Amino acid sequence: MGWLPAHDAGRLEWLAFDQAGVVTWAQATALLTPGTVRGLVRSGRWRSICRGILVTGNGRLTWDQQLWVAVLAAGSGAVLAGVTAAGEAGVRGLRREPLHVLVPAGRHPPTLLRRLPLDVTGVVVHRSSVLPDSHRQVARPPRTTTARAVVDGAGWARSDDEARSVLAAACQQRRVSPEEILAVLDVLPRAPRRELIRRTTADIAGGAEALSELDFLTLCRRHRLPVPDLQERRRDQSGRLRFLDAYWRRWRLHVEVDGAHHMDVRHWAADMQRQNDVWTSGDRILRFPAWLLRSRPDEVAATVRRALNAAGWNAEM
């Protein structure tokens, strides 16, 4: 937003500060004459982004300015939404493009959003008939709450895997709780991917924190394997608290799903020590790389089934 204006700054300077230098024609002409505004644009001191949207400067747009352009160009009642709003709330690792904006259902997306300059990220406008005040976050620019943003972001995702990643990231980073997500879902009966969001959120509430753990639960259900406990707490030989990815207490079987970071030498050594602790306690342990879980799930399921059978489980139980 730049430096704080001087204490005697005029209303235009404060407005520009508040909106990262992006103003509407109506806002500008309420404080200056139309002729003065046109003169500022013609002289190059100000920049016209699209019809009705101006920047009180002439440089390349910053990220904050792009957000304001998206909201102001979308019109009255528009708010940042989906992964854009979630990212502004601090959820890391989400797609930054395009920008997502939500407007009331009775309005149609303005055509001017299709004619934005090259230094403005693409904008996708969604409409909703359900946007209560409790789903609006007090922020600049205005946006939906994190819980609503996560639900919308999962619903608008390009794939089911991406949808689950949005949910997992937001909860794992403690930006929102499963209970808050489910509360939003309760008032959105027509939300896209509603059942997937509900099921994934329930899994996260049950202990799944990473996408690999969610994938493993899906695999167990699809292959009719018993559902394990997730993030089981256990103390190792040194007394340090550890968390097991998946554990069947009845059959004393432990499954670890390893991401790429486990290939690092330091992680590898720690993983081997943890595996030794499990084995010496009398439990069985299986380890799978995350890529195998996604690319060859039948193979993983068959291995788990054999291990469970060897421990005394059978499908008739």
Side-chain angles (χ1 to χ4, degrees), residues 1-90 94-128 131 133 136-144 149 152-153 156:
M1 286 195 180
W3 296 101
L4 189 70
H7 71 279
D8 58 349
R11 291 171 59 194
L12 179 60
E13 289 178 84
W14 281 105
L15 175 65
F17 171 77
D18 186 46
Q19 297 180 183
V22 182
V23 298
T24 65
W25 172 266
Q27 289 175 327
T29 55
L31 301 172
L32 302 172
T33 66
T36 299
V37 174
R38 292 191 189 96
L40 289 167
V41 173
R42 290 196 187 104
S43 68
R45 293 175 61 190
W46 283 19
R47 182 179 169 192
S48 176
I49 300 301
C50 56
R51 181 169 55 84
I53 305 297
L54 308 167
V55 175
T56 59
N58 53 18
R60 186 177 180 85
L61 296 181
T62 65
W63 178 254
D64 286 341
Q65 287 175 329
Q66 292 183 58
L67 297 176
W68 274 106
V69 167
V71 168
L72 294 177
S76 176
V79 293
L80 298 177
V83 293
T84 305
E88 290 305 295
L94 305 180
R95 285 189 298 117
R96 288 169 64 90
E97 300 178 7
L99 302 179
H100 292 269
V101 176
L102 193 63
V103 300
R107 295 195 39 233
H108 293 281
T111 57
L112 59 87
L113 285 171
R114 303 171 192 166
R115 299 190 295 272
L116 295 174
L118 293 178
D119 59 341
V120 178
T121 297
V123 179
V124 177
V125 179
H126 308 267
R127 294 185 294 165
S128 176
L131 186 58
D133 289 342
R136 293 176 179 269
Q137 180 70 44
V138 178
R140 305 296 288 167
R143 63 175 188 259
T144 62
D152 285 337
W156 302 334

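This chain uses plain numbering: 1 for the first residue, then up along the sequence. Quantities reported herein were computed from a predicted structural model and do not represent experimental measurements.
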- prompt: Tell me, do Leu12 and Phe17 make a side-chain contact under 4.5 Å, heavy atoms counted?
  reply: no

- prompt: What's the shortest heavy-atom distance between Thr84 and Pro98, and which atoms?
  reply: OG1-O, 3.8 Å

Inter-residue atom distance Glu88.CD - Leu94.CG, 0.5 Å rounding: 11.0 Å

task: Please round to the nearest 0.5 Å and tell me the distance separating atom CZ of Arg38 and atom CG of Leu54.
output: 11.0 Å

Show me the side-chain donor-acceptor pairs of residues 117-125 shorter than 3.5 Å, one per line, residues at least two apart or across chains.
residue: Asp119; atom: OD1; partner: Arg47; partner atom: NH2; Å: 2.9
residue: Asp119; atom: OD2; partner: Arg47; partner atom: NH1; Å: 2.8
residue: Asp119; atom: OD2; partner: Arg47; partner atom: NH2; Å: 3.2
residue: Asp119; atom: OD2; partner: Leu61; partner atom: N; Å: 3.2
residue: Thr121; atom: OG1; partner: Gln66; partner atom: OE1; Å: 2.8

message: Using the side chain to side chain donor-acceptor pair (under 3.5 Å) criterion, which residues pair with Thr36? Sequence neighbours excluded.
response: Thr33

message: Is it true that Gln27 and Gln19 share a donor-acceptor pair across their side chains at a distance under 3.5 Å?
response: yes

Shortest non-hydrogen contact from Ala78 toward Val103: CB-CG1, 3.8 Å

query: Do Gln137 side-chain atoms and Arg143 backbone N/O form a donor-acceptor pair below 3.5 Å?
result: no

statement: Heavy-atom closest pair (Ala149 atom, Ala86 atom, distance to 0.1 Å) is CB-N, 3.6 Å

query: How far apart are the closest heavy atoms of Val71 and Leu80, and which atoms are they?
result: CG2-CD2, 3.5 Å

- prompt: So, for Trp68 and Asp18, which heavy atoms are closest and what is the spacing to 0.1 Å?
  reply: CZ2-O, 3.6 Å

task: Quick one: closest heavy-atom pair of Ala70 and Val101, and the distance?
output: CB-CG2, 3.9 Å

message: Taking the side chain as everything from C-beta on, heavy atoms only, tell me whether Asp152 gets closer than 4.5 Å to His100.
response: no

- prompt: Okay, side chain of Thr56, backbone of Gly21: is any donor-acceptor separation there less than 3.5 Å?
  reply: yes

- prompt: How about Ile49 and Val22: do any of their side-chain heavy atoms sit closer than 4.5 Å?
  reply: no

field: Student check: side-chain heavy atoms of Leu99 and Val69 closer than 4.5 Å
entry: no

message: Working note: Leu31 + Val23, criterion side-chain contact (heavy atoms from CB on, under 4.5 Å); need CA distance, chi angles, decisive distance, verdict.
response: CA-CA 11 Å; Leu31 301 172; Val23 298; over 6 Å; no

statement: Sorted by chain and residue number, the ring-ring contact (aromatic ring centres under 6.0 Å, His included) partners of Trp46 (sequence neighbours excluded) come out as none

